[in-house]
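One structure is given here, and the rest of the page talks about it.
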Amino acid sequence: MNRLKPWQIILPATEPSNFLSQGVAITGMGIISAIGNNVAENYHALINQQKGISRVSKIETHHKHDIMVGEIAATNKQLEIQLGLETTHNYSRTALLGAIAAKQAVVDAQITNVSEYRTGLVSATSVGGMDMTEKYYYEYLENKALQKYIESHHAGDSTQKIAQQLGIEQSLVTTISTACSSGANAIMFGARLIKTGRLDRVVVGGTDCLSKFTINGFKTLMILSDSYNAPFDENRSGLNLGEAAAYLVLESDSIVNKENKKPLAYLTGYGNANDAYHQTASSEQGDGATLAMQKALSVARLNPSDINYINAHGTATANNDLSEGRAIIRVFGENPPAFSSTKPYTGHTLAAAGAIEAVYSILALQNNILFPNLNFVTQMKEFALTPQYNLKQKELTHVLSNSFGFGGNCSSLIFSKQG
Amino acid sequence: MKKVFINGLCSVSAQKTFDNNFFLGSIIEYKDTVIPAVDPLYKEFILPAAARRMAKGIKMGVVASKIALANAKINTVDAIITGTGMGCVRDSEKFVSDIIDNNEEFLTPTAFIQSTHNTVGGQIALEITCQGYNFTYVHSSISFESALMDALLQLQNEEATNILVGGVDELGDHTVKIHSLIGHIKHNPVSTFGMVNSETEGAVFSEGANFFVLSNKAENNYAQLIDVQTYNVLEAENLPKIVTAFLNSNQYSLEEIDMVVLGNNGDVKYDGYYNILTRSLFSKTPQVYYKHLCGEFNTSSAFGFWLASKILKTQNVPSYVMLNDIYPKKMDTILLYNQYRGENHSFVLLKKC
Amino acid sequence: MSNLKEELKTKIIEQLNLEDITVGDIADDDSLFGDGLGLDSIDALELIVMLDKDYGIKLSDPKEGRKIFESIETMANYIASHRTK
């Protein structure tokens, strides 16, 4: 197999046309995570350095004393009440969280009539309805009352329900699942739908709840930390899983102009590439990550030096942080822009990660602030990179956010103050 | 905007379709409620070292991809876009049952890794060393059409030249069992040609992988992909209006449609959606169906896409896919329509090159 | 000890689905990873579970596996001196 050498960076075959290099306006956002039930609460926790990592309380697992997680405080019951669902509903926790965050985003975008424009939904999930499946797997065979959850297992189900909650009908509604880059990829496809004129408005993001399935899955890979995750630290010991949902509203320029809206920010760049290296591990030199960042810069027509802050994927596994750090050096040189991972706050929220970190990137831009990479103590020995470890005020114009997943899936998004 | 063509294809299905030298020469007749895919000789395409951990879905996907690439006479692509409703469901079942049965002890990673929905797309990338764009759509019966739309938009706007697009799903025992319980699978076996008029609820479940090379360069092509559109929900009575609007938005009139390829699966509860169209707009149009051959699965509509592409290329329509007895006068333009259990509707428009 | 080695070969072939390989194909000092049998990091994790389940040996860091899983020889030696079942 021909591996890419550090100096062999392949740019997309064709330069993006003017039409494709235009930014897409972001007019609303919503979030629920271990550090807060809405955008304001999340921001408050970020700037006050309050992490949401604890022992798991809502899942009865054999591993509860060996792991730490980023769990959302609300119970399913509380979420149901918040959404006003009938008791006969068959929402998985993934769908409940997604519906709450997506509704916030639509309110934030001041949308009162969702059918006024061609409005779609692109949602990401990796867990889907697995939380119910693992609970009732064998019981389904005997207990008729539980069988309603059989239909909520597949990944598209949570998205259909979120669309219904938002009142999106007779429209484009779809789901992306590319492991831990899913959320970023949903945002990327949404941008393509706006740019090509397929839709005027699209709600994009991701949702994943904690489950025994993912806890045990990551446990078999031996990459779960028994302590607070410490990205880019020499002594990092793995990741903390988390649960979250976040959505953005993307709108076409014509809506923004017509309604005289003031976008929160713009999505100006995006890129996805594949490591084509290993089923789960990232390549040592971060080929896929390098390509993804390069593509995003190319779409945004920016130079590496234009980026002021990187919200890193930074899961705190040995493999990710080494591979991502090397990719950052390949793209930005030995003195890259300030970078930090916000996973010490929320845990790794899988398919929601790219979406919640998009919200954090926009908050960074709006407030000209760099969020600290908590728990960092010692620089890694492989390179001289120190993440931004304290809160810092800084004028920001362009922020790049990374999300990488199994199957070699690497994505980068660029958020900018101006389109 | 560039035109988009189908330059290569392969179908692994419950029929012996993977060999592109034949086009449904003979068919396998079933009388069952669940029908498995016919296995190609995987060893001819995948090295044993790589195959040993692969789920059936991955094997089907990798083989279908490799044959589709060879059929398009290319070695690699700029992007791989996969649709799958359930991913490698057998491994998901294995991992969940192991968690429960072994009380979260002695679990191994392989089944978990394969459970990730993009595992097929990732493995194809590994097999053909493709570092390009790699997406996986997982939205029930429009998983494949979502992938198709993504590819269409990228090719129209010259973000890529060749894209591998496919749909893949596999059968899993537990999934079959619980979907029988809730009536999504027929209770009593039906024969291949008895399916569509079975008058019973549920479908005949199956599995398969249908992959295509889409390109904005017209070489060795099967057909031109004009457009694809999906709808999460729609009212049955709005169907004629929606179809007409879809055609009109592509500058086509109803009269220009030479054939409709429909996703009838013999579920008396939901085939009514097709009937609305076959009894109104398309009552005088040749009608084709295919799920009696390939069964129902979340990406079975990709088999319909394969069938329509083959029909356009060969200008031949096998008699046993005809739903009515109107033989086409010409085969230039085909409209595909599919839905599953009244949700996730898709329309695809294909044209002869 | 030679029984244990044969047992390990059989288990590895079965557990890791090495379809085209027989016990006779694996020499005691063949390297299991890289150029030898061609196992990878996921296989290493599978073997760690095997140590736990069949021999009562718990490894907490996958890096520890590297030395142990060098060959059938090293594996058998490690198991013989650390097994709890």
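These figures come from a predicted structure and were not determined experimentally. Heavy atoms only: backbone and side chains are in, while hydrogens, waters and symmetry mates are out. Within every chain, numbering begins at 1; the chains are lettered A, B, ... in the order of the sequence lines, protein sequences first and strands thereafter.
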Could you tell me which of [options] has the largest number of non-hydrogen atom pairs under 4.5 Å with chain A?
options                           : answer
D98(B), D150(B), T175(B), I182(B) : D150(B)
V233(B), T82(B), T84(B)           : V233(B)
G87(B), P109(B), G121(B)          : P109(B)
M1(B), E145(B), M149(B)           : M149(B)
L234(B), I99(B), I128(B)          : I99(B)
T116(B), I178(B), L107(B)         : I178(B)

Answer yes or no: are there more than 12 heavy-atom neighbours, outside [X] itself, under 6.0 Å from its atom [atom1]?
X       : atom1 : value
K94(B)  : NZ    : no
N75(B)  : CG    : no
K148(A) : NZ    : yes
E235(B) : CD    : no
Q164(A) : CD    : no

Quick check for you: to the nearest 0.5 Å, what is the distance between [X] atom [atom1] and [Y] atom [atom2]?
X       : Y       : atom1 : atom2 : answer
L181(B) : N143(A) : CG    : CG    : 11.5 Å
Y270(A) : Y133(B) : OH    : OH    : 8.5 Å
T220(A) : F106(B) : OG1   : CZ    : 14.5 Å
Q156(B) : T196(A) : CD    : OG1   : 8.0 Å
F95(B)  : T214(A) : CZ    : OG1   : 9.0 Å
S177(A) : H139(B) : OG    : NE2   : 13.0 Å

Counting only non-hydrogen atoms closer than 4.5 Å, does [X] touch chain A with its backbone (N, CA, C, O), its side chain (CB onward), both, or neither?
X       : result
I124(B) : neither
I81(B)  : neither
S115(B) : side chain
Q123(B) : side chain
N238(B) : side chain
T119(B) : side chain
H184(B) : side chain
E105(B) : side chain

Ignoring hydrogens, what is the shortest heavy-atom contact between [X] and [Y]? Give both atom names and the distance.
X       : Y       : result
N118(B) : G407(A) : ND2-CA, 4.2 Å
L221(A) : I113(B) : CD2-CD1, 4.0 Å
H154(A) : S140(B) : CE1-CB, 3.7 Å
A155(A) : V138(B) : CB-CG2, 3.5 Å
A276(A) : C130(B) : CB-O, 3.7 Å

Are there residues of [range] whose heavy atoms fall under 4.5 Å of chain B's heavy atoms? If so, which?
range                       : value
residues 60-67 of chain A   : E60(A), T61(A), H62(A), H63(A)
residues 121-130 of chain A : S126(A), M130(A)
residues 167-175 of chain A : I168(A), E169(A), Q170(A), S171(A), L172(A), V173(A), T174(A), T175(A)

May I ask you to decide if the ring planes of Y137(A) and H174(B) are parallel, tilted or perpendicular, using 30° and 60° as cut-offs?
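The rings of Y137(A) and H174(B) lie parallel, inter-plane angle below 30°.
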
I'd like to know if the side chain of N409(A) reaches the main chain of F135(B), judged simply by a donor and an acceptor atom lying under 3.5 Å from each other, with no hydrogens or angles considered.
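No, N409(A) side chain to F135(B) backbone: no donor-acceptor pair under 3.5 Å.
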
Any side-chain heavy-atom pair from L193(A) and L153(B) closer than 4.5 angstrom?
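Contact flag for L193(A)/L153(B) side chains = yes.
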
Quick one: are N344(B) and Q160(A) in side-chain contact, heavy atoms under 4.5 Å?
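SC-SC contact between N344(B) and Q160(A) confirmed.
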
Should I150(A) and H179(B) be marked as a side chain to side chain contact (heavy atoms under 4.5 Å, CB included) after you check the CA-CA gap, both sets of side-chain angles, and the distance that decides it?
CA-CA 8 Å; I150(A) 293 172; H179(B) 282 83; 3.9 Å; yes

Could you verify whether a donor N or O on one side chain and an acceptor N or O on the other, from D101(B) and Y138(A), lie under 3.5 Å apart?
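Yes - a donor-acceptor pair under 3.5 Å links their side chains.
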
R192(A) with E159(B): basic N within carboxylate O range, under 4.0 Å:
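A salt bridge links R192(A) with E159(B).
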
Just to verify, what does H278(A) make a ring-ring contact (aromatic ring centres under 6.0 Å, His included) with, not counting sequence neighbours?
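Scan of H278(A) (ring-ring contact (aromatic ring centres under 6.0 Å, His included), adjacent residues dropped) gives none.
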
For chain B, find which of F218(A), F189(A), Y140(A) contributes the most heavy-atom pairs closer than 4.5 angstrom.
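Winner by heavy-atom pair count: F189(A).
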
